[in-house]
Enquirer: 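Questions regarding the structure given below will be posed in turn.
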Number of protein chains: 2
Amino acid sequence: MAGQEIETLIKYLSRLSGLGPRSARRAVLQLMRKRESLLNPLSDALVALRDEIKICEICGNIDSIAPCTICADPRRDKSIICVVEDVGALWALERAGAVQGCYHVLGGTLSALDGIGPDELNLAALQIRAQASEVREVIVATGATVEGQATAHYIIDLLADQKEQETLKITRLAHGVPVGGELDYLDEGTLLAAIKSRR
Amino acid sequence: MAGQEIETLIKYLSRLSGLGPRSARRAVLQLMRKRESLLNPLSDALVALRDEIKICEICGNIDSIAPCTICADPRRDKSIICVVEDVGALWALERAGAVQGCYHVLGGTLSALDGIGPDELNLAALQIRAQASEVREVIVATGATVEGQATAHYIIDLLADQKEQETLKITRLAHGVPVGGELDYLDEGTLLAAIKSRR
């Protein structure tokens with residue numbers, strides 16, 4: 001149908017989440033029509049990302065600078081560490097502007113089925129970070145899934161010593177009704193949690 | 001939130017049809033996680049497309065070789081020219097394997113509102129191509145929109161001379177019920193056309 005380069009591009013574009021083979025084809029057409037305004041800057045940006053991608057040694061965030069933008073920002077409260085599963089969760093919290101502190105990216109959740117134990121996650125570094133005298137709070141912001149909750153419990157156990165000495169506060173995300181959510185459509189677990197944590 | 005390179009990439013990815021800002025973010029995360037299997041080949045493919053993209057001098061198709069894959073294919077029937085609005089329509093017909101001949105890409109439709117007249121379209125080349133003695137049929141496969149139909153009429157007028165001399169057959173796509181389509185959901189225009197062209 002078209003040259004090898006175009007077919008290859010369609011193949012890889014269609015692997016992006018959100019694009020299927022049909023929309024990848026449409027995207028390629030659009031790229032070919034808008035060479036100056038889309039194809040050239042997009043390929044520049046991809047090459048730049050490829051060359052510049054770095055994993056932050058402090059928190060495990062992926063960024064184009066190391067330490068990452070957040071760890072390097074002096075306005076960030078270094079006394080609060082928000083533990084997240086992955087960079088996607090970090091970005092979601094950043095979009096909400098919900099965290100004034102820094103992050104710690106685990107790189108996944110504990111999962112016996114997938115063979116992911118504590119050593120596979122970025123947990124040793126978290127333990128060391130939490131021991132620093134400047135750190136006063138660890139927010140465990142793993143997902144509300146079974147694996148996320150198991151990982152949260154593991155982290156709370158891991159930091160139990162500092163917590164007992166009252167040098168560290170360990171908090172977790174509140175469960176409840178999503179803002180704008182109708183009660184009708186919510187599951188019972190969420191409704192129970194929302195009633196239990198009523199204020 | 002993240003480095004400049006990442007934000008730039010999200011910006012351009014979200015301009016692709018089918019991707020919004022949210023899915024562009026997810027795509028970037030996916031690219032960063034799968035460097036070897038996705039980021040590197042995708043950026044290679046984009047750079048290759050940028051360097052190799054060519055417009056076929058014969059038919060106006062966009063491809064990485066010129067003449068395009070279709071015009072260069074000796075198995076293609078050079079006596080049939082299928083006139084399409086754009087490369088998207090060409091790809092759609094190719095996916096269906098519907099055309100054994102070659103194509104002619106107009107690059108749009110006549111549109112008084114958008115200031116697109118005959119000179120803006122790839123029509124002069126079509127007239128010259130249709131005069132070649134080997135060409136026996138021109139299939140006018142513009143869309144079933146007002147502009148597409150106006151463009152079809154213009155092309156039929158343009159090739160009227162050859163048609164009168166009976167050296168050229170001019171055909172158009174059949175209107176009718178889409179295969180697998182239920183009558184309930186079809187508009188009246190399509191149903192009328194389907195009844196009129198019943199066989």
Side-chain angles (χ1 to χ4, degrees), chain A residues 1-13 15-20 22-35 37-55 61-66 68-70 86-88 90-92 94-95 107, chain B residues 1-13 15-20 22-35 37-55 61-66 68-70 86-88 90-92 94-95 107:
Chain A
M1 182 163 90
Q4 195 53 49
E5 285 86 356
I6 293 175
E7 294 295 340
T8 310
L9 183 59
I10 292 172
K11 188 179 89 181
Y12 286 110
L13 268 183
R15 289 198 194 155
L16 289 184
S17 61
L19 283 180
R22 199 172 272 263
S23 42
R25 253 190 222 105
R26 243 181 294 133
V28 170
L29 281 174
Q30 195 190 0
L31 283 167
M32 295 197 298
R33 275 196 222 102
K34 299 183 182 169
R35 277 182 84 167
S37 65
L38 194 55
L39 175 56
N40 293 355
L42 181 61
S43 64
D44 287 343
L46 268 174
V47 170
L49 180 69
R50 180 166 73 167
D51 295 343
E52 298 296 330
I53 195 170
K54 290 179 189 76
I55 290 171
N61 188 11
I62 304 177
D63 205 338
S64 50
I65 55 172
C68 73
T69 316
I70 294 167
D86 51 31
V87 180
L90 186 157
W91 285 11
E94 279 299 288
R95 275 202 298 284
Chain B
M1 181 163 89
Q4 194 55 48
E5 284 86 356
I6 294 175
E7 294 295 341
T8 310
L9 183 59
I10 292 172
K11 189 179 88 181
Y12 286 111
L13 268 183
R15 290 198 195 156
L16 290 184
S17 62
L19 284 181
R22 201 173 271 263
S23 41
R25 253 190 222 104
R26 243 180 296 131
V28 170
L29 281 173
Q30 195 191 358
L31 283 167
M32 295 197 298
R33 274 196 223 103
K34 300 182 181 169
R35 278 182 84 167
S37 65
L38 194 56
L39 175 56
N40 293 355
L42 181 61
S43 64
D44 287 343
L46 268 174
V47 170
L49 179 69
R50 180 165 74 167
D51 295 342
E52 298 296 330
I53 194 170
K54 289 180 189 75
I55 290 172
N61 187 11
I62 303 177
D63 205 338
S64 50
I65 55 172
C68 73
T69 316
I70 294 166
D86 51 30
V87 181
L90 187 158
W91 286 10
E94 280 299 287
R95 274 202 299 284

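Computation of the quantities below employed the complete heavy-atom set of this structure, encompassing side-chain atoms and omitting hydrogens, waters and symmetry-equivalent molecules. Protein chains get the first letters and strands the later ones, always in sequence-line order, with residue 1 at the start of each.
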Enquirer: Out of B/G20, B/G88, B/S23, which one racks up the most heavy-atom pairs below 4.5 Å with chain A?
Expert: B/G88
Enquirer: Drop me the distance from B/Q4's CD to A/L49's CG, to the nearest 0.5 angstrom.
Expert: 12.5 Å
Enquirer: Let me confirm one number: the CD1-CD1 distance from B/I53 to A/I6, rounded to the nearest 0.5 Å.
Expert: 6.5 Å
Enquirer: Who among A/S43, A/G18, A/A48, A/A45 has the most heavy-atom pairs with chain B under 4.5 Å?
Expert: A/S43
Enquirer: What residue in B/E5, B/E52, B/R26 has the most heavy-atom pairs under 4.5 Å with chain A?
Expert: B/E5
Enquirer: Using non-hydrogen atoms only, which part of A/I65 is less than 4.5 Å away from chain B: side chain, backbone, both, or neither?
Expert: neither
Enquirer: Keeping B/Q30 on the side-chain end and A/S17 on the backbone end, is there a donor-acceptor pair under 3.5 Å?
Expert: yes
Enquirer: Could you pull out all residues at least two apart from B/D44 that satisfy side-chain contact (heavy atoms from CB on, under 4.5 Å)?
Expert: A/R50
Enquirer: Quick one: are A/L46 and B/L31 in side-chain contact, heavy atoms under 4.5 Å?
Expert: yes
Enquirer: Only pairs of heavy atoms separated by less than 4.5 Å count here; which of A/R35, A/R33, A/K54 has the most with chain B?
Expert: A/R35
Enquirer: Please report the shortest heavy-atom distance between B/S37 and A/Y12, naming the atom on each side.
Expert: O-CE2, 3.8 Å
Enquirer: Let me know which of B/L19, B/L38, B/L42 forms a side-chain contact (heavy atoms from CB on, under 4.5 Å) with A/L13.
Expert: B/L42
Enquirer: Got a second to check how far A/W91's CH2 is from B/I10's CD1, nearest 0.5 Å?
Expert: 4.0 Å
Enquirer: Would you compute the distance between atom OG1 of B/T69 and atom CD of A/E7 and round it to the nearest 0.5 angstrom?
Expert: 8.5 Å
Enquirer: B/R22 versus A/R95: any side-chain heavy-atom pair under 4.5 Å?
Expert: yes
Enquirer: Checking A/K11 now: which residues fulfil side-chain contact (heavy atoms from CB on, under 4.5 Å) with it, not counting sequence neighbours?
Expert: A/R15
Enquirer: Which of the residues A/D86, A/N40, A/I55, A/V28 is involved in the greatest number of heavy-atom pairs with chain B at under 4.5 angstrom?
Expert: A/N40
Enquirer: Which bit of B/L16 is near chain A, if near means a heavy-atom gap under 4.5 Å: side chain, backbone, both or neither?
Expert: both
